[in-house]
Amino acid sequence: MNLERRHHLIACAKAAKGFMPDDEGLALCDIAREVGSQFPHATMLEIGSWCGKSAVYLAIGAEETGAVVFSVDHHHGSEENQQGWEHFDQDLVDPADGRLNTLPHFQRTIATAQLEGTVVGIVGDSLTVARHWSTPLHLLFIDGGHGEVVAHADYDAWSSKVAIHGILAIHDVFEDPADGGRPPFEIYQRALASGAFALVDRCGSLALLRRIR
Ligand code: SAH
Ligand code: MG
């Protein structure tokens, strides 16, 4: 990828609304490039598109290796994104029905980044998609609902779909409860305790694990 394109994509990622600090986003980009180089035409999937910020970071690494990033979201936000909660954004409310709708924002981010050939949005509930998904994943990024039930359900539904030697990335992993909610940290602990995943790297609240068996 030439430098101009890379700069354009990083600018698009930074400009998108979302919850991915730049250093963690670049770590996602690096691991996507590594996975893409290791597995030709790699299949990558993220749970939790929001407005496309992390999808762009993943795609910077994916594009140059011919990988595809599937990005799953029902686009109505998690509990903590709803009105009255910490991460509510009035601009994302659809006046037609008063519900959050991040899909147009996601589409605009991906279109502006000219990534429509690399990032494929899947609009729907993560568990419904998981029930019908059988393609092994060379990279799985879990960043969907962070509530107790939903985070564990995503881990249960998706983690076994990671290919051997593939990567499981989990966002918002906080050792210290003062820094954030527990469920992403709990599923990270479960992944390590299962013996199927080994820690590769950490960057901020991003944990990268490799499937070893
Ligand atoms: N990765 C994004 C942030 C994701 S926020 C970024 O980089 O900015 C979490 C997202 O998970 C929200 O968009 C929410 O709609 C989605 N989500 C929560 N529960 C879900 C579920 N059960 N199925 C699909 N998407 C879900
Ligand atoms: Mg997150």
Side-chain angles (χ1 to χ4, degrees), residues 9-10 12-29 31-32 44-62 69-83 85-89 91-94 99-110 112-113 115 119-133 139-158 161 168-174 179-188 202-208:
L9 292 179
I10 291 175
C12 288
K14 284 183 172 170
K17 284 179 189 278
F19 311 104
M20 183 55 59
D22 194 44
D23 58 336
E24 298 174 29
L26 292 174
L28 273 182
C29 160
I31 197 71
M44 308 187 183
L45 185 140
E46 76 167 349
I47 305 163
S49 322
W50 191 243
C51 300
K53 196 180 194 71
S54 50
V56 172
Y57 281 116
L58 284 167
I60 297 170
V69 179
F70 294 92
S71 183
V72 179
D73 204 307
H74 50 44
H75 286 284
H76 295 305
S78 304
E79 198 178 36
E80 58 272 21
N81 306 123
Q82 307 304 318
Q83 189 148 24
W85 289 71
E86 193 186 346
H87 296 292
F88 177 67
D89 182 344
D91 294 346
L92 302 176
V93 173
D94 181 350
R99 299 174 80 190
L100 276 183
N101 183 8
T102 52
L103 181 57
H105 303 265
F106 171 79
Q107 289 179 306
R108 203 169 302 137
T109 299
I110 301 309
T112 306
L115 279 172
V119 178
V120 177
I122 300 179
V123 182
D125 171 60
S126 157
L127 300 184
T128 308
V129 177
R131 275 196 291 277
H132 294 268
W133 187 280
L139 187 155
L140 169 66
F141 175 46
I142 301 184
D143 192 23
H146 288 9
E148 183 75 34
V149 173
V150 280
H152 283 274
D154 276 340
Y155 179 78
D156 290 333
W158 287 100
K161 300 181 196 293
L168 169 64
I170 306 175
H171 199 223
D172 303 303
V173 170
F174 299 110
D179 295 332
R182 303 318 285 150
F185 176 69
E186 289 165 6
I187 64 172
Y188 162 71
R202 289 288 312 260
C203 176
S205 76
L206 178 71
L208 303 174

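One-based numbering, in listed order, for ligands and for the atoms of each. Counting from 1, the numbers follow the sequence of the chain as shown.
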Listed once per pair and sorted, the salt bridge (Lys or Arg N to Asp or Glu O under 4.0 Å) pairs that draw on residues 70-83, sequence neighbours left out: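 Listed once each, the pairs would be none.
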If the cut-off is 4.0 Å to any non-hydrogen atom of [X], which atoms of ligand 1 fall inside it?
X: G18; result: 8 (O)
X: D125; result: 21 (C), 22 (N), 23 (N)
X: M20; result: 7 (O)
X: G48; result: 1 (N), 2 (C), 4 (C), 10 (C), 11 (O)
X: W50; result: 2 (C), 3 (C), 4 (C), 12 (C), 13 (O)

Any idea which protein heavy atom is nearest [atom], and the distance to it?
atom: atom 26 (C) of ligand 1; result: H74 NE2, 3.5 Å
atom: atom 13 (O) of ligand 1; result: D73 OD2, 2.6 Å
atom: atom 8 (O) of ligand 1; result: F19 N, 2.9 Å
atom: atom 23 (N) of ligand 1; result: S126 N, 2.8 Å

Does the N or O separation between [X] and ligand 1 drop below 3.5 Å for any pair?
X: K53; value: no
X: N81; value: no
X: F141; value: no

Can you confirm whether [X] sits close enough to [Y] that some side-chain heavy atom of one is under 4.5 Å from a side-chain heavy atom of the other?
X: M20; Y: L28; answer: yes
X: T109; Y: K53; answer: no
X: L115; Y: L9; answer: yes

L45 CG to I122 CD1 distance, which is reported to the nearest 0.5 Å: 6.0 Å
Please verify the inter-ring angle class for [X] with [Y]; under 30° counts as parallel, over 60° as perpendicular, anything in between as tilted.
X: F70; Y: W133; answer: perpendicular
X: F19; Y: H87; answer: perpendicular
X: Y188; Y: F185; answer: tilted

Shell of protein N/O/S atoms around the Mg ion (ligand 2), taken as anything under 2.8 Å: D143 OD1, H171 ND1, D172 OD2
Which option wins on minimum heavy-atom distance to [atom]: [options]?
atom: atom 11 (O) of ligand 1; options: G144, G124, G147, A151; value: G144
atom: atom 18 (C) of ligand 1; options: A157, S78, A153, S54; value: S78
atom: atom 5 (S) of ligand 1; options: T109, D143, V123; value: D143

Trace of the side-chain contact (heavy atoms from CB on, under 4.5 Å) decision for V119 with F106: CA-CA 10 Å; V119 178; F106 171 79; 3.9 Å; yes
Stepwise side-chain contact (heavy atoms from CB on, under 4.5 Å) check, R99 with D94: CA-CA 6 Å; R99 299 174 80 190; D94 181 350; 5.5 Å; no
Donor-acceptor contact below 3.5 Å, side chain R182 vs main chain F174: yes
G144 backbone acceptor or donor facing H146 side chain under 3.5 Å: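 Such a contact is found between H146 side chain and G144 backbone.
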CA sep, side-chain torsions, deciding dist, call: W158, S126, side-chain hydrogen bond (donor to acceptor under 3.5 Å, both in side chains): CA-CA 9 Å; W158 287 100; S126 157; 3.0 Å; yes
